[in-house]
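Keep in mind that this is a model prediction, so the values were computed, not measured.
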Amino acid sequence: MLKLYISDVDRTVGKLELPMPAEDFKRRLGLLQAEGRPKSLLTIYRADCPVINLSWPLRQVRLDDDSALQKLIRLAEVIDGMDTAGHYHLSKAVSADYNQSLDDILRAAARIKPDSLDRYEIIPEAASRRDLGKWLVEHDRLTVKVPEALRSYMDYQSIGTDYLNSHEGEFLSFGYVGIRTEAMEQMREKQKEYGSIRPAGESSQESSSQGFQMGGPV
């Protein structure tokens, strides 16, 4: 499901859930425009779906373009047809640092193939880097077990950040997804195969930092 929050210049006028038939999409946009400022251009204020990174590029989409509406519907269908691995790889391909069109996103999604979830580590309880760091400490997933008496002094944010970077992790709408250590090399090759939707000449930086840091009480 792709949930779009629609605004007319400076206020949210409604939300629509895709996919839906193109005619229904146009009709409901028309109703939202009639209820707001009829002469203003409707835009996407926010988008909710398993791939949270998509919210930023979708804010650039014009809703007065029939072609764009069809592509939004297609994107919603593609997202619905993906499993967690697909959502992960699409999230890796999308970045708020670059201008990306709907065509770019759909091309990236088309290259993503179904994959075994055995290669992935999924932690639903972790919705942020701090959550991830705390989960790793509490579940003794670091190279060194942290005594109970020291856990309140751990820098969970840094622990989560290091783990996320070294495991090519991403946060999706339902939690953390990353690559298991034993599958890392194979999955990096898969990422190269899928490619990126960043502009030509730009490349992503890979971080492989490991370890943890101590901080003040949290």
Side-chain angles (χ1 to χ4, degrees), residues 1-3 46-59 79 82-98 100 105 108-109 112 115-192 194-198 202-218:
M1 180 191 68
L2 177 61
K3 183 183 294 184
R46 192 177 94 227
D48 285 347
C49 71
V51 184
I52 13 185
N53 292 356
L54 279 174
S55 190
W56 178 256
L58 292 187
R59 293 180 69 173
I79 291 170
M82 285 179 167
D83 60 7
T84 298
H87 294 150
Y88 166 83
H89 286 291
L90 184 56
S91 182
K92 295 295 285 184
V94 177
S95 170
D97 296 332
Y98 302 90
Q100 300 158 336
I105 296 168
I112 297 171
D115 195 14
S116 168
L117 290 179
D118 293 343
R119 301 184 182 94
Y120 302 86
E121 180 177 38
I122 302 170
I123 305 175
E125 298 94 332
S128 68
R129 295 175 185 225
R130 187 184 185 283
D131 288 346
L132 176 59
K134 187 175 182 182
W135 188 93
L136 293 168
V137 170
E138 290 179 346
H139 290 78
D140 298 324
R141 295 294 300 277
L142 303 180
T143 53
V144 178
K145 183 174 180 178
V146 181
E148 290 278 353
L150 295 180
R151 291 186 178 183
S152 62
Y153 294 91
M154 301 302 294
D155 185 350
Y156 293 133
Q157 179 82 10
S158 294
I159 294 169
T161 297
D162 286 347
Y163 193 85
L164 179 139
N165 289 338
S166 62
H167 291 80
E168 294 288 334
E170 288 285 314
F171 291 107
L172 302 180
S173 63
F174 50 80
Y176 167 85
V177 180
I179 306 302
R180 295 187 183 279
T181 302
E182 61 273 19
M184 187 66 66
E185 201 56 44
Q186 180 182 3
M187 294 307 296
R188 280 181 176 152
E189 288 302 314
K190 188 177 288 291
Q191 280 290 354
K192 292 178 185 176
Y194 290 156
S196 165
I197 54 178
R198 298 181 175 89
E202 299 282 357
S203 61
S204 61
Q205 296 181 347
E206 292 184 356
S207 172
S208 59
S209 60
Q210 294 183 355
F212 62 92
Q213 302 178 24
M214 299 288 284
V218 289

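Side chains of Met82 and Tyr88 form no contact here, defined as non-hydrogen atoms less than 4.5 Å apart. Arg141 has its side chain within reach of Glu121: a pair of non-hydrogen atoms, C-beta onward, lies under 4.5 Å apart.
Heavy-atom minimum distance, Ala93 versus Gln100: O-NE2, 3.8 Å. Leu2 approaches Ala47 most closely through the heavy-atom pair CD1-CB, 4.2 Å. In terms of heavy-atom proximity, Gly160 sits nearest to Leu132 at O-CD2, 3.5 Å. Between Ala126 and Asp131 the shortest heavy-atom distance is CA-CB, 3.7 Å. Residues Ile79 and Leu90 share a closest heavy-atom pair of CG1-CD2, 4.5 Å.
Arg129 and Asp155 are not joined by a salt bridge, as no carboxylate oxygen comes within less than 4.0 angstrom of a charged side-chain nitrogen. Using a cutoff of 4.0 Å between basic side-chain nitrogens and carboxylate oxygens, Glu170 and Lys92 are scored as salt-bridged.
Here Asp162 contributes atom CG and Leu164 contributes atom CG; the two are 9.5 Å apart, rounded to the nearest 0.5 Å. With rounding to the nearest 0.5 Å, the separation of CD in Glu138 from CD in Glu148 is 8.5 Å. Taken to the nearest 0.5 Å, the NZ atom of Lys3 stands 11.5 Å off from the SG atom of Cys49. To the nearest 0.5 Å, atoms OH (Tyr163) and CG (Leu136) are separated by 5.5 Å. Separating the CZ atom in Arg151 from the NZ atom in Lys145 is a distance of 7.0 Å, to the nearest 0.5 Å. Here the NZ atom belonging to Lys134 is positioned 12.0 Å from the CD1 atom belonging to Ile159, to the nearest 0.5 angstrom.
Side chain of Asn53 to backbone of Ser91: a donor-acceptor contact under 3.5 angstrom is found.
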Tell me which donor-acceptor pairs under 3.5 Å the side chains of residues 172-182 have, and how far apart each pair is, sequence neighbours excluded?
residue: Arg180; atom: NE; partner: Asp118; partner atom: O; Å: 3.2
residue: Arg180; atom: NE; partner: Tyr120; partner atom: O; Å: 3.1
residue: Arg180; atom: NH2; partner: Tyr120; partner atom: O; Å: 3.3
residue: Thr181; atom: OG1; partner: His167; partner atom: NE2; Å: 3.1

